[in-house]
Trainee: 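Following this message is one structure expressed as structure tokens.
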Amino acid sequence: YLLQNRVKQMNRDGFVSLPSFLLPDAVDKLTSCILKLEEDGVGFYSTDSHNVFLDADDQSDAMSPLHPRRIQLDSSKLIINASDLLLAKEAQAPNLDELFMSQRS
């Protein structure tokens, strides 16, 4: 049932929302660890220009300039490999298995 609903949501909205996928404590622990890793210079920054579909600009004259495939966005992000989380003892990295496999009480 859950999978069927998520497939329907993806087809309808173009994305899937997973409320409570991570417990608030897990989000806090991961955020704290990632901020510490960023301070320590771990990871790398990526910048790109793309549309909402992550494609380059479609220069087709058949599309309106306001079509989502024509509107370019500038994005940037810090990318941290999951293995960096595992090695980051000084950043008090949480045990990822416990965060993602935990059950609600």
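Fair warning: this is a prediction, and the values are worked out from it, not measured in the lab. Along the sequence shown, residues carry numbers from 1.
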Trainee: Can you name the nearest heavy-atom pair linking Pro65 to Arg70, along with the distance?
Mentor: O-CB, 3.5 Å

Trainee: How close do Ile80 and Gly43 get, heavy atom to heavy atom, and via which atoms?
Mentor: CG1-CA, 4.3 Å

Trainee: Tell me the closest heavy-atom pair linking His50 and Ser75, and the distance in Å.
Mentor: NE2-OG, 2.8 Å

Trainee: Nearest heavy-atom pair of Val16 and Arg6: which atoms, and what distance?
Mentor: CG1-CD, 3.4 Å

Trainee: Step through the shown structure and confirm whether more than 12 heavy atoms of other residues, nucleotides or ligands are within 6.0 Å of CD on Glu39.
Mentor: yes

Trainee: If every non-hydrogen atom of Ser76 is compared with every non-hydrogen atom of Thr47, which pair is closest and at what distance?
Mentor: CB-CG2, 3.6 Å

Trainee: Linking I/L/V/M/F/W/Y whenever any side-chain heavy atoms sit under 4.5 Å apart, do Leu37 and Leu22 land together?
Mentor: yes

Trainee: Are Leu18 and Val7 grouped together when hydrophobic residues (ILVMFWY) are joined by side-chain heavy atoms under 4.5 angstrom apart?
Mentor: no

Trainee: Give a yes or no on whether Ile34 and Tyr45 share a hydrophobic cluster (residues Ile, Leu, Val, Met, Phe, Trp, Tyr; joining criterion: side-chain heavy atoms under 4.5 Å apart).
Mentor: yes

Trainee: Could you check whether atom NZ of Lys8 has more than 12 heavy atoms from other residues, nucleotides or ligands sitting under 6.0 Å from it?
Mentor: no

Trainee: Does some side-chain heavy atom of Pro68 sit less than 4.5 Å from a side-chain heavy atom of Phe53?
Mentor: yes

Trainee: With rounding to the nearest 0.5 angstrom, report the CD to CG distance, Glu38 to Asp40.
Mentor: 10.0 Å

Trainee: Of the non-hydrogen atoms in Leu73 and Val52, which two are nearest, and what is the gap between them?
Mentor: CD1-CG1, 3.7 Å

Trainee: Answer yes if Phe21 and Met10 sit in the same cluster of Ile, Leu, Val, Met, Phe, Trp and Tyr residues linked by side chain heavy atoms under 4.5 Å apart, and no otherwise.
Mentor: yes

